[in-house]
A.B. asks: 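Starting off with a structure, shown below.
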Amino acid sequence: MAGSTEMASLEESFRKFAIYGDTKATGQEMNGKNWAKLCKDCKVTDGKSVTSTDVDIVFSKVKGKTARVINYEEFKKALEELALKRFKDKSKEEAYEAICQLVAGKEPINVGVTKAKTVGAVERLTDTSKYTGSHKERFDESGKGKGKSGRENIVDTSGYVSAYKNAGTYDAKVKK
């Protein structure tokens, strides 16, 4: 069978795919959607000997009767099942070793993630350097918002005249 370092990276791959797309996942159990993603991203499915249907059938076969997820041990059984289909010309051990090498150390690929684009009118409207009037006062030179001080006139109740240079020094003079 596979070496201990390869098994550790196989388990790490299992955990990464198990938590993919689910904020509440612990990484101990994997659902069918993530199992199918693992098989697709790690090139276990090739479209000929192993298809997405085969992946779903193997998942249903290894999981418990009423369960909707598989644990790491069931995951290894599922890989053994697919190894025989994927590598027909190899022995059971060699096929399992080869499929473990396909999966070990891999992580989910984010393909087709939409990136925000600012084009045309949106770019002009969100460029704070082009703001005028009262809107200009809400942002500093770098374009970062000033928050409440940019929206409201905050009254200085310190008792000093505005722009007085020695504000706050009275107590220091009195104590001497």
Side-chain angles (χ1 to χ4, degrees), residues 1-131 135 138-140 142-145 147:
M1 287 288 184
S4 62
T5 56
E6 190 172 309
M7 282 303 195
S9 64
L10 183 70
E11 191 168 358
E12 184 63 30
S13 292
F14 171 79
R15 295 198 190 296
K16 285 180 181 176
F17 276 96
I19 62 171
Y20 179 77
D22 187 3
T23 55
K24 296 179 187 88
T26 60
Q28 302 296 317
E29 297 174 326
M30 181 185 289
N31 60 24
K33 177 179 71 81
N34 290 4
W35 163 248
K37 179 160 179 61
L38 178 137
C39 291
K40 184 175 175 251
D41 287 358
C42 296
K43 308 269 190 291
V44 174
T45 55
D46 58 359
K48 293 182 184 100
S49 57
V50 178
T51 63
S52 60
T53 309
D54 296 327
V55 169
D56 293 338
I57 290 170
V58 167
F59 181 81
S60 297
K61 196 185 288 185
V62 297
K63 73 175 177 60
K65 209 168 195 98
T66 58
R68 302 178 127 228
V69 291
I70 57 172
N71 60 24
Y72 183 64
E73 293 304 315
E74 292 168 331
F75 167 74
K76 290 196 292 189
K77 286 180 195 163
L79 283 181
E80 284 179 34
E81 293 266 342
L82 284 180
L84 296 172
K85 280 182 163 278
R86 178 77 159 81
F87 303 103
K88 292 177 182 159
D89 55 332
K90 297 185 180 181
S91 70
K92 187 176 181 180
E93 288 79 22
E94 287 175 336
Y96 182 68
E97 185 91 22
I99 208 160
C100 285
Q101 287 175 352
L102 284 177
V103 176
K106 299 280 188 348
E107 53 188 55
I109 302 168
N110 292 329
V111 178
V113 176
T114 308
K115 299 209 176 14
K117 288 188 351 182
T118 56
V119 209
V122 177
E123 189 174 350
R124 287 192 307 278
L125 291 171
T126 56
D127 186 5
T128 57
S129 66
K130 294 182 176 143
Y131 289 178
H135 303 290
R138 294 180 62 182
F139 299 93
D140 61 8
S142 67
K144 192 169 185 332

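Every heavy atom of this structure was used, including side-chain atoms; hydrogens, water molecules and symmetry mates were not.
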A.B. asks: How far apart are the C-alpha atoms of K76 and E73, what are their side-chain angles, what is the distance that settles it, and do they pass the salt bridge (Lys or Arg N to Asp or Glu O under 4.0 Å) test?
C.D. replies: CA-CA 5 Å; K76 290 196 292 189; E73 293 304 315; 3.7 Å; yes
A.B. asks: When you look at NZ of K33, are more than 12 heavy atoms from neighbouring residues, nucleotides or ligands closer to it than 6.0 Å?
C.D. replies: yes
A.B. asks: Are K40 and S52 side-chain neighbours, meaning at least one heavy-atom pair lies under 4.5 Å?
C.D. replies: no
A.B. asks: What is the ring orientation for F75 with F14, classed by angle as parallel under 30°, tilted 30 to 60°, or perpendicular over 60°?
C.D. replies: tilted
A.B. asks: Testing the 3.5 Å rule here: is there a donor-acceptor pair between the side chains of D54 and T51?
C.D. replies: yes
A.B. asks: Look up atom CG in L82 and atom OH in Y96, then write down how far apart they are to the nearest 0.5 Å.
C.D. replies: 11.5 Å
A.B. asks: Out of curiosity, T66 OG1 to K63 NZ, how far, rounded to the nearest 0.5 Å?
C.D. replies: 8.0 Å
A.B. asks: Taking it one step at a time, do E11 and R15 satisfy salt bridge (Lys or Arg N to Asp or Glu O under 4.0 Å)?
C.D. replies: CA-CA 6 Å; E11 191 168 358; R15 295 198 190 296; 2.6 Å; yes
A.B. asks: Let me confirm one number: the SG-CG distance from C39 to L79, rounded to the nearest 0.5 Å.
C.D. replies: 7.0 Å
A.B. asks: Counting only N and O atoms by type, is there a donor-acceptor contact under 3.5 Å from the side chain of S13 to the main-chain atoms of G105?
C.D. replies: yes
A.B. asks: Counting N and O atoms only, with roles assigned by atom type, does the side chain of N34 sit under 3.5 Å from a partner on the main chain of Y20, one being a donor and the other an acceptor?
C.D. replies: yes
A.B. asks: To the closest 0.5 Å, what do you measure between CZ (F17) and CD (E107)?
C.D. replies: 8.0 Å
A.B. asks: Where is the tightest heavy-atom contact between A18 and A25, given as atom of each residue plus distance?
C.D. replies: O-CB, 3.7 Å
A.B. asks: Say you draw a straight line from CD of E93 to CD of E80; how long is it, rounded to the nearest 0.5 Å?
C.D. replies: 9.0 Å
A.B. asks: Under the side chain to side chain contact (heavy atoms under 4.5 Å, CB included) rule, what do V44 and V103 come out as? Steps first, then yes or no, please.
C.D. replies: CA-CA 8 Å; V44 174; V103 176; 4.0 Å; yes
A.B. asks: Find the distance between OG (S49) and CG (L84) and round it off to the nearest 0.5 Å.
C.D. replies: 11.5 Å
A.B. asks: So which heavy atom on Y72 is nearest to which on L10, and how close?
C.D. replies: OH-CD2, 3.7 Å
A.B. asks: If I compare all heavy atoms of L102 with all of K43, which pair ends up nearest, and what's the gap?
C.D. replies: CD1-O, 4.0 Å
A.B. asks: Please determine whether a side-chain nitrogen of the Lys or Arg among K106 and D41 lies less than 4.0 Å from a carboxylate oxygen of the Asp or Glu.
C.D. replies: no
